[in-house]
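Predicted, not measured: the structure shown is a model, and the values here were computed from it. Below, each value reflects all heavy atoms present in this structure, side chains not excepted, and no hydrogens, waters or symmetry copies.
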Amino acid sequence: MTMLPVIVFILVFVPTIIIIVSMPYLTKETISFGVTASTEQFHSEPLRQMRRSYARISAILHTMLFSVGILCLIYSDEHSRQISWSIISYSLAMLVTSLVINFKYHLKMKSVLPLLPAAPESSVMEPGPRKGNVGLPSHWFLIHAVIIVVSIVTVLRNYDLIPDQLPIHFDSSWTVDRYVDKSYSIVFIPTIMQVLGTLLFIFEYWSIRRGKKQVREDVSYRRAWSNFMITASFLFVILLSVVQLSMISLLNINFVIPVVLSIIAFIILYACTLTYWAGQRESR
């Protein structure tokens, strides 16, 4: 067993689970499970119960998945392939679970909304065009695709130069003390994660931008979060490219570690700051 993957697993996924479980309480009051509603409807008892139910079910399921992921890492052997695929399998399971839960509550919200008290006239969403100044345009995601393609080409062109043994574990002094045999499945794991992660960010980006044009503060909310999706996904792609280049010895580990930790810290701080600023009320 290697402790480094377990530590990284905990540091990355525990904050993610907390954010996922708390999401109904972090979003704007006029958006509940992807459906627009008034502030009065947001505070109604049926929606309070839905938020509690969502948080409880999400916490149970994600805790169970996380426990299985930790056990797989703890009892894995020293081979990188098993550790890497355990992390990828958990990431996919977490993604699918989140999507299923959110889709279920999205449908439930649409069925419950007509039964709630009608929104006051002043809080009714303004009809308007879907397009507008709601953040960076979607073609910025093309930069992500370019970076992924460049990384793939770089790996393929240098594959023969990649050492037959790739580092998979480091001691407390960040000196490599364990290796694994080179293979395409190992080298291109970061690429698979880049593609899956970018698709997820694109889905979230369009989820934020779609729908009716609302009041000024809601447009600001959508603009801020759509910009975050593009920025965070760009940094996510860069992070995995850096990891991939370090795997093939094109980047030094002493350079890679600070870059990876800095990117992760920036994304988390960015999300927390944005959640506080553009949360349930513009005054926050």
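Separation of atoms CG (L199) and OG (S233) is listed at 11.0 Å; rounding is to 0.5 Å. Note that CZ of F33 is 12.5 Å distant from CG of L113, once rounded to the nearest 0.5 Å. Distance CD1/I20 to CD1/I101: 8.5 Å, rounded to 0.5 Å. From F141, atom CZ reaches atom CE of M229 across 8.5 Å, with rounding to the nearest 0.5 Å. Rounding to the nearest 0.5 Å places CG of L61 at 11.0 Å from CD1 of I17. I263 CD1 to L240 CG: the interatomic distance, rounded to the nearest 0.5 Å, is 9.0 Å.
Atom OH of Y159 sits in a crowded spot, with more than 12 heavy atoms from other residues, nucleotides or ligands closer than 6.0 Å.
Side-chain N or O atoms of T231 include one that pairs as donor or acceptor with a backbone N or O of N227 at under 3.5 Å.
The aromatic rings of F266 and Y270 sit tilted relative to each other, their planes meeting at an angle between 30° and 60°. The aromatic rings of F236 and F201 lie tilted to each other, with the angle between the two planes from 30° to 60°.
A pairwise comparison of heavy atoms in I230 and Y205 identifies CD1-CE1, 3.6 Å as the closest pair. Shortest non-hydrogen contact noted between H43 and R51 is CA-NH2, 4.4 Å. Closest heavy-atom contact between Y25 and A55: CE1-CB, 4.2 Å.
Taking the side chain as every heavy atom from C-beta outward, R56 and I60 approach each other to under 4.5 Å. Inter-residue side-chain proximity for M193 and L196 is flagged as unmet; no heavy-atom pair is nearer than 4.5 Å. Using a 4.5 Å heavy-atom threshold, the side chains of P24 and R52 count as separate. Taking 4.5 Å as the limit, every side-chain heavy atom of M23 sits out of range of all side-chain heavy atoms of N102. Looking only at side-chain heavy atoms (C-beta outward), Y105 and V112 stay at 4.5 Å or farther from each other. The closest side-chain heavy-atom distance from I147 to F234 is below 4.5 Å.
Note on M109 and L107: separate hydrophobic clusters, where clusters join Ile, Leu, Val, Met, Phe, Trp and Tyr whose side-chain heavy atoms are under 4.5 Å apart, directly or indirectly. Placement of L156 and V150 in two distinct hydrophobic clusters is found when ILVMFWY residues are connected by side-chain heavy-atom separations under 4.5 Å, directly or transitively. There is no path of hydrophobic side-chain contacts, each under 4.5 Å, that joins V68 to F66. Clustering ILVMFWY residues whenever any of their side-chain heavy atoms sit less than 4.5 angstrom apart, transitively, puts I10 in the very cluster that holds L71. Hydrophobic cluster membership differs between M94 and F103, with clusters built from Ile, Leu, Val, Met, Phe, Trp and Tyr side chains linked at under 4.5 angstrom.
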